[in-house]
Asker: 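So that we are looking at the same thing, I have put the structure below in structure tokens.
Side-chain atoms are counted along with the backbone in the values below, which use heavy atoms only and exclude waters and symmetry mates. What you see is a predicted model; the values in this text were computed from it and never measured.
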Amino acid sequence: MYVPPDYVCDDTACLHDLIARVRLGTVVTVSAGADGNAPEACHLPLLLDRRRGPLGTLIGHLDRRNPQLAGLAAGRPVLVTFLGADAGVSPDWYRTSPRVPTWLYSAVHATGIPTVIEDAAALRAILERGSALAVPAGGTWRPAQVAAYIDRLLGGIAGFEIRLDTLRGQIRLGQHNGPEDWQGVHDALSCGTLQQRRVAEDMAAFGRVISAGA
């Protein structure tokens, strides 16, 4: 991923926070087929273990029918991307001129070597951890309520983990602007659609990380 210097983020803790906020990753593998090396991608909710390895470890599961399982089992490097909320910015929102429209977003790219997990107990643990993150606060659902059903599901999935070798982020949330322009954009997005409000939240949470360290 090419990242202009103004938007580079190499703060591991910040990038971990972004991954945890997004959770849905795009897993890209390359399989050797009859037509040569062919990239494949799927979108999976992923767990992040921040303490395993210097850059963390991603953990997930996928359907055994997914052809990407063969690529994961081969132990080739994989790319996982996470894209945060995004929104366009109108020049009218800035308090200086001249300006042009732009787009705000945050993204994380991670690479590492995958390991496939077949052990039933480990698979169950992955499912239970992922389920706990999917159930909203105050929800009453618990895995023990459907233990037999989960047992049947385990035969159709495979788990995997990716110990990260690289972690690179792009935070394009207006942090290169002056305070007045940043505030103007933030205020406009805060009054917009749900997607725009999410970008405003990301601006407040992450959009000053780079400028604060500059």
Asker: Hey, could you give me the CD/CG distance between Glu201 and Leu194, rounded to the nearest 0.5 Å?
Answerer: 8.0 Å
Asker: Does Arg64 have more than 12 heavy atoms from other residues, nucleotides or ligands lying within 6.0 Å of its CZ?
Answerer: yes
Asker: State, without any angle test, whether Glu161 and Thr115 hold a side-chain donor-acceptor pair at a distance under 3.5 Å.
Answerer: no
Asker: Return the CG to OG1 distance between Leu83 and Thr26, rounded to the nearest 0.5 Å.
Answerer: 8.0 Å
Asker: Quick check: is Ile126 connected to Val27 through a chain of hydrophobic side chains (ILVMFWY, heavy atoms under 4.5 Å apart)?
Answerer: no
Asker: Check whether any side-chain heavy atom of Leu48 lies under 4.5 Å from a side-chain heavy atom of His16, and answer yes or no.
Answerer: yes
Asker: CZ/Phe206 to CG/Asp17 distance, rounded to the nearest 0.5 angstrom?
Answerer: 5.0 Å
Asker: Against Leu47, only a single residue in Ile19, Leu133, Leu58 fulfils side chain to side chain contact (heavy atoms under 4.5 Å, CB included); can you say which?
Answerer: Leu133
Asker: Does the pair Tyr7 and Ile171 meet the rule for a side chain to side chain contact (heavy atoms under 4.5 Å, CB included), with working shown?
Answerer: CA-CA 5 Å; Tyr7 308 122; Ile171 296 181; 5.8 Å; no
Asker: Give me the atom names and distance for the closest heavy-atom approach of Met1 to Arg168.
Answerer: O-NE, 3.4 Å
Asker: Spell out, as yes or no, whether a donor-acceptor pair under 3.5 Å connects the side chain of Gln183 to the backbone of Asp181.
Answerer: no
Asker: Under 3.5 Å, is there a donor-acceptor pair linking the side chains of Gln170 and Tyr105?
Answerer: yes
Asker: Specify the closest pair of heavy atoms between Trp103 and Gly88, including all atoms of both residues, with the distance to one decimal.
Answerer: CE3-CA, 3.4 Å
Asker: Within the supplied structure, the quantity of interest is the number of heavy atoms (other residues, nucleotides, ligands) at a distance under 6.0 Å from Glu180 CD; does it exceed 12?
Answerer: no
Asker: Begin with the C-alpha distance, continue with both residues' side-chain angles, and end with the deciding distance and a verdict on side chain to side chain contact (heavy atoms under 4.5 Å, CB included) for Leu44 and Leu62.
Answerer: CA-CA 8 Å; Leu44 302 171; Leu62 76 169; 4.2 Å; yes
Asker: Using every non-hydrogen atom in the two residues, find where Pro54 and Arg163 come nearest and quote the distance to one decimal.
Answerer: CD-NH2, 3.9 Å
Asker: Does any non-hydrogen side-chain atom of Ile157 lie less than 4.5 Å from one of Asp63?
Answerer: no
Asker: Where the side chain of Ser90 meets the backbone of Asp92, is there a donor-acceptor pair that is under 3.5 Å apart?
Answerer: yes
Asker: Can Ile150 be reached from Leu123 by stepping across I, L, V, M, F, W or Y side chains whose heavy atoms are under 4.5 Å apart?
Answerer: yes
Asker: Dump the intermediate steps for side chain to side chain contact (heavy atoms under 4.5 Å, CB included) on His43 and Thr81, then the final yes or no.
Answerer: CA-CA 9 Å; His43 311 283; Thr81 69; over 6 Å; no
Asker: Please determine whether a side-chain nitrogen of the Lys or Arg among Arg95 and Asp187 lies less than 4.0 Å from a carboxylate oxygen of the Asp or Glu.
Answerer: yes
Asker: Under a single-linkage definition using a 4.5 Å side-chain heavy-atom cutoff for Ile, Leu, Val, Met, Phe, Trp and Tyr, are Leu164 and Val22 assigned to the same hydrophobic cluster?
Answerer: yes
Asker: For a quick test of reading the model, state the closest non-hydrogen atom pair linking Ser106 to Leu18 and the distance between them.
Answerer: OG-CD2, 3.5 Å
Asker: Hey, is Arg129 close enough to Asp49 for a salt bridge, meaning N to O under 4.0 Å?
Answerer: no
Asker: Report yes or no: do Val28 and Leu24 belong to one cluster of Ile/Leu/Val/Met/Phe/Trp/Tyr joined by side chain heavy-atom distances under 4.5 Å?
Answerer: no
Asker: Look up atom CG in Asp202 and atom CZ in Arg197, then write down how far apart they are to the nearest 0.5 Å.
Answerer: 13.5 Å
Asker: For residues Leu55 and Val108: do they belong to one hydrophobic cluster (side chain heavy atoms under 4.5 Å, members Ile, Leu, Val, Met, Phe, Trp, Tyr)?
Answerer: yes
Asker: When rounded to the nearest 0.5 angstrom, what distance separates CZ in Phe160 from OG1 in Thr57?
Answerer: 12.0 Å
Asker: Yes or no on salt bridge (charged side-chain N to carboxylate O under 4.0 Å, His left out) for Arg142 and Glu128, after CA distance, side-chain angles and deciding distance?
Answerer: CA-CA 9 Å; Arg142 297 292 183 271; Glu128 291 184 355; over 6 Å; no
Asker: Run the side chain to side chain contact (heavy atoms under 4.5 Å, CB included) test on Leu127 and His61 for me, step by step, so that the C-alpha distance in whole Å, both residues' side-chain angles and the decisive distance to 0.1 Å come before the verdict.
Answerer: CA-CA 8 Å; Leu127 287 178; His61 70 276; 3.4 Å; yes
Asker: Say whether, by atom type as modelled, one donor and one acceptor occur between the side chain of Gln195 and the main chain of Asp86 under 3.5 angstrom.
Answerer: yes
Asker: Can a salt bridge be assigned to the pair Arg172 and Asp6 using a cut-off of 4.0 Å between side-chain N and carboxylate O?
Answerer: no
Asker: Please find the pair of heavy atoms, one from Cys42 and one from Asn66, that lie closest to each other, and give the distance.
Answerer: SG-ND2, 3.7 Å
Asker: Before you tell me yes or no, could you show the steps for Phe82 and His109 under ring pair (Phe, Tyr, Trp, His ring centres under 6.0 Å), namely the whole-Å CA-CA distance, both residues' side-chain angles and the distance that decides it to 0.1 Å?
Answerer: CA-CA 7 Å; Phe82 298 86; His109 284 200; 9.4 Å; no
Asker: What I'd like to find out is whether the side chain of Val89 reaches to under 4.5 Å of the side chain of Tyr94, using heavy atoms alone.
Answerer: yes
Asker: So which heavy atom on Met203 is nearest to which on Leu189, and how close?
Answerer: SD-CD1, 3.7 Å
Asker: Can you tell which of Val78, Asp165, Ile162 makes a side chain to side chain contact (heavy atoms under 4.5 Å, CB included) with Ile113?
Answerer: Asp165
Asker: Would you say Glu118's side chain and Ala158's backbone share a donor-acceptor pair under 3.5 angstrom?
Answerer: no
Asker: Between Gln145 (side chain) and Trp141 (backbone), is there a donor-acceptor pair under 3.5 Å?
Answerer: no
Asker: Under 4.5 Å between any side-chain heavy atoms of Arg198 and Thr193, yes or no?
Answerer: no
